[in-house]
Protein chains: 2
Amino acid sequence: MHMKTGVEQSVYAVLLLNMLPDKAVLPGEAISQQLKASPTYFRKLLRKLVSADVIASVPGVKGGFKLNKRPEAITVYDIYLAIEGRQSLYSSSGILGDLLELEKEESCCLLTDLMEEAEVAWKSVMKRETISSLAEKMNEQQFLLKTEALQQWVQRKMVA
Amino acid sequence: MHMKTGVEQSVYAVLLLNMLPDKAVLPGEAISQQLKASPTYFRKLLRKLVSADVIASVPGVKGGFKLNKRPEAITVYDIYLAIEGRQSLYSSSGILGDLLELEKEESCCLLTDLMEEAEVAWKSVMKRETISSLAEKMNEQQFLLKTEALQQWVQRKMVA
DNA sequence: CTAAACGCGGACAATCATTATCCTCGTTAT
DNA sequence: ATAACGAGGATAATGATTGTCCGCGTTTAG
Ligand code: SF4
Ligand code: SF4
């Protein structure tokens, strides 16, 4: 049981997009290069973020990706959800219903309820942190210098 | 990202063992039959539970498995931990350290801290429910009849 | 003491999810 | 028109999970 690495990559990709000035976009290949990810697979991740309305894409020459919401409105959970989808961590395989030979499945949930509650607790923590709060942390003392270098890289690679 | 089905199976296996009288044991094959799981693989799960000291095994003819703790002392989390192991849901692949070209990895954690907190929240819910609280729920009105049938099955299959 | 019933452990093989590549298409700036 | 980009699907490579097999040690029964 492990979270896809795509979630982490996506978070950092969105953080990069957050450094763009208004109206500018960053080509997908530049992003995957910077993240050292495989370009072809990374496009799939970006498209998932697009479907989830976290980011927007513009096609054509000088196309690329940009945020689709204010950074305060994008939580880590939004990104997780876009990449991992809605299926929950746990899902009953109906063993108990089997054990007890129940006809209808309703109201026989010893574990499902508990696991669902656990999952809600887990997700609620991920909902607390937003792209803008993460960006702030990147601007703290110890990272400031490197973060500025990153921003300059974004300036160079962006278009439009 | 999905939890192993072995966790669910193990929980129900432990619930079965909880129905045993003191000193009695249940052979592994009986358990896997009842759970409709593959016997050979299921033994692996049982052995994980043994290593985690959740259950105990006795070898030899008339051998089998039984609880190793009082049912109030076994949480769903204990079983989860036995099966899934200690590795966390999320683990950084060091992308940010890479992005920012940091030399040492310490104190550069934007996501790790958050994810760890989320995981703690998740696990703490699983720690609330114990085998004995689950067993109580099985004895509630709507399941009572079937649960008694299960107990009789346990009586028949147990040894020693 | 021998054999049979059981758990133990490791070396595989099969299955399934995730990651990665490729190729064709639609869109837009030049 | 063409070149640079994203969209989407088919399909491989990889890796984790699940499942099987076989030989071993231990204990009870005969
Ligand atoms: S108790 Fe809930 S989780 Fe377990 S089998 Fe029944 S419906 Fe599924
Ligand atoms: S910020 Fe934390 S999680 Fe991200 S790369 Fe650095 S150490 Fe790893």
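Since the model is a prediction, treat every value here as computed from it, not as a measurement. Chain A is the first sequence line, chain B the second, and so forth, proteins listed ahead of strands; every chain is numbered from 1.
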Counting only side-chain nitrogens and oxygens, does [X] get under 4.0 Å of the OP1 or OP2 atom of [N]?
| X | N | answer |
| --- | --- | --- |
| B:Tyr41 | D:dT18 | yes |
| B:Thr5 | D:dT17 | no |
| A:Ser57 | D:dC5 | no |

Any luck finding a side-chain donor-acceptor pair between B:Ser132 and B:Glu72 under 3.5 Å?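 Distance-only check fails for B:Ser132 and B:Glu72.
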
Going by distance alone, is a donor N or O of one side chain under 3.5 Å from an acceptor N or O of the other, for B:Tyr77 and B:Glu129?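 Per modelled atom types, B:Tyr77 and B:Glu129 side chains form no pair under 3.5 Å.
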
Once you apply a heavy-atom cut-off of 4.0 Å, does [X] come out as touching a base, just sugar-phosphate, or nothing?
| X | answer |
| --- | --- |
| A:Gly60 | base |
| B:Phe65 | sugar-phosphate |
| A:Met3 | nothing |
| A:Thr40 | base |

For nucleotides 9-14 of chain D, give me one character per nucleotide, 5' to 3': B if any protein heavy atom sits under 4.0 Å from the base, S if the only such contacts are to the sugar-phosphate, - if neither. BB----

First and last nucleotide of DNA chain C, 5' to 3', lying under 4.0 Å from heavy atoms of chain B: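 Here the contact window of chain B covers C:dA5 to C:dT18.
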
Between A:Val58 and B:Gln9, the residue closer to the 5' end of DNA chain D by nearest nucleotide is A:Val58

Hydrophobic clusters here meaning ILVMFWY residues chained together by side-chain heavy-atom distances under 4.5 Å, can you tell me if A:Tyr41 and A:Ile79 are in one?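 Per the 4.5 Å side-chain linkage, A:Tyr41 and A:Ile79 are co-clustered.
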
